[in-house]
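In what follows, a single structure is set out as structure tokens and then discussed.
In what follows, chains carry the letters A, B, and so on, assigned in the order in which the sequence lines appear, proteins first and then strands, with residues in each chain numbered from 1.
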Protein chains: 2
Amino acid sequence: MTDANGAAYGDGAAAAAGDGTSADAGSAPADVFARRPKRADARRNYEKLLSAAREAFAEAGVSASLEDIARRARVGIGTLYRHFPTRQDLFESVYVDEVEALCRAADELAGLPPWDALAGWLRRFVSYAATKRAIAEALNHDSPVFATCRKAIDAAGRPLLRRAQESGDARPDASFDDVLRLVGGVTMYPFADPAQLERVLTMALDGIRVRRPPG
Amino acid sequence: MTDANGAAYGDGAAAAAGDGTSADAGSAPADVFARRPKRADARRNYEKLLSAAREAFAEAGVSASLEDIARRARVGIGTLYRHFPTRQDLFESVYVDEVEALCRAADELAGLPPWDALAGWLRRFVSYAATKRAIAEALNHDSPVFATCRKAIDAAGRPLLRRAQESGDARPDASFDDVLRLVGGVTMYPFADPAQLERVLTMALDGIRVRRPPG
DNA sequence: TTGCAAACGGAGGCAACCCTCCGTATGGTG
DNA sequence: CACCATACGGAGGGTTGCCTCCGTTTGCAA
């Protein structure tokens, strides 16, 4: 954690990912990782650990105790370590789950009009970012898993932005990265009042939209 | 940290703070806290600890080791505990420093046109938020110090927003809280590229501005 | 210069966490 | 049903951080 180069959503450099392919490219990387165990009991414990970890990280932040996670999952500490030898492994697995869901969402929104599709996906992104919040700072940004996830998100969301830009709805000078930063930042702290989240999100989306003469 | 009610910039409820008073209200609360020690050596160590803490929190996050902070400050661990009996005390002291600077900035910008003053202050707020980032999640939101700081920020920034709204520059449906959320979120993760920060910040400010017919 | 209140430093007891190791339990296959 | 590869649990040793306590040092006022 001393490196302090927290390039949250990437640096905007690695653009050429799922370039030409349309929005359904998001489903492709889903099976690149996901190394679930085979035996029934092992698989059960694996899932229990994963959701306990998601919970614990959301609650206590990055430094949630691994022993506590095992306790929540009602599983021995040894079992935790067998499935996830390092803390990083646990982060990554939780993170990957979230990314997969996000990519799936892009597919489902592909049928809508350009701006609605983008806005809808960004709304979904907000809830992803909320989960990610805690994990993000601890993620090892050099890990191949992280890189793959970045590409998957790109492949899922970038076409939505481009489409909205081509239709004249989204401002052309905004990069995909810029947009994620703006929208993702909004939920860095949890909102007590969902109505406020809605207001703030609207402002953010307005900042992304092209300014049209009213009427 | 189990409470998980991270109401980041307040909930927008406590509106009536430094109401009628103009922008210079920001300087008032500066001496409400700031309980500096008297003896020369004590004062010296106090300052050394404070800046060591600021450094450590920025680098290692909330859970920076207190022993490490003492080490950085080249001071015995006992000295740290005498000045700051609890971890909270240390957070608060660092935080208060930052808030004071932010309030001073509001005074300095008071002469500019409404929108420029608001935008300028929000830019300043961004760098405050960056420092605050690590500390924020650990701040005890019930502490009187925190409440005082909230009021000070309100007193400093709210008039700027109102002025910009009255002049027709800022959208009238945005609360002060909404604005801080939006702008503050932007820097939740540090930017590697300052140009990107500028782009994203511009989008955020555009989201706050009233949409005028172009030309 | 002297005296003492104020401040200093860090040893050490305690708690929490990390991770390994190994004896035990069990799913699933032949 | 019997076997064994696979998986389980948790005791325990090592590390680190928290915080208190107390003998020593130091600023400063008389």
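Checking B:Ser63 against B:Lys38, the closest nucleotide of DNA chain D that is more toward the 5' end is the one next to B:Ser63.
One interatomic measurement links the two molecules: CG of A:Leu80 to C1' of C:dC18, which rounds to 11 Å at whole-angstrom precision. Rounded to an integer number of Å, the gap from CZ of B:Arg44 to P of D:dT26 is 11 Å. Going from atom CZ of B:Arg71 over to atom P of D:dG17 covers 7 Å, rounded to whole Å. B:Asp89 places its CG atom 11 Å from the P atom of D:dC19, with the value rounded to the nearest Å. Atom CD in B:Gln88 sits about 12 Å away from atom P in D:dC19, given to the nearest Å. Distance B:Phe84 CZ to D:dC19 P: 15 Å, rounded to the nearest Å. In this structure, CZ of A:Arg87 is placed 14 Å from P of C:dT20, rounded to the nearest angstrom.
Distance CG/A:Leu102 to CH2/A:Trp121: 5.0 Å, rounded to 0.5 Å.
Residues passing the salt bridge (Lys or Arg N to Asp or Glu O under 4.0 Å) test with B:Arg71 are B:Asp68, sequence neighbours excluded. Partners of A:Arg82 by side chain to side chain contact (heavy atoms under 4.5 Å, CB included), not counting sequence neighbours, listed by chain and number: A:Thr79. Under the side-chain hydrogen bond (donor to acceptor under 3.5 Å, both in side chains) criterion, B:Asn45 pairs with no residue at all, not counting sequence neighbours. When the side chain to side chain contact (heavy atoms under 4.5 Å, CB included) test is applied to A:Ser127, the partners found at least two apart in sequence or on another chain are A:Arg124. Residues satisfying the side chain to side chain contact (heavy atoms under 4.5 Å, CB included) criterion with A:Asp97, sequence neighbours excluded, are A:Arg36, A:Leu50, A:Arg54, A:Glu100.
You'll find that the side chain of A:Leu66 is closest to C:dC18, out of D:dC28, C:dC18, C:dC17.
Between B:Ser65 and the phosphate of D:dC18, there is a side-chain N or O to OP1/OP2 separation shorter than 4.0 Å.
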So which protein N/O to nucleotides 8-12 of chain C N/O distances come out below 3.5 Å?
from: C:dC8; atom 1: OP1; to: B:Asn45; atom 2: ND2; distance (Å): 2.4
from: C:dC8; atom 1: OP2; to: B:Arg82; atom 2: NH1; distance (Å): 2.4
from: C:dC8; atom 1: OP2; to: B:His83; atom 2: NE2; distance (Å): 3.4
from: C:dG9; atom 1: OP2; to: B:Gly76; atom 2: N; distance (Å): 3.0
from: C:dG9; atom 1: OP2; to: B:Thr79; atom 2: OG1; distance (Å): 2.6
from: C:dG10; atom 1: N7; to: B:Gly78; atom 2: N; distance (Å): 3.3
from: C:dG10; atom 1: O6; to: B:Gly78; atom 2: N; distance (Å): 3.4

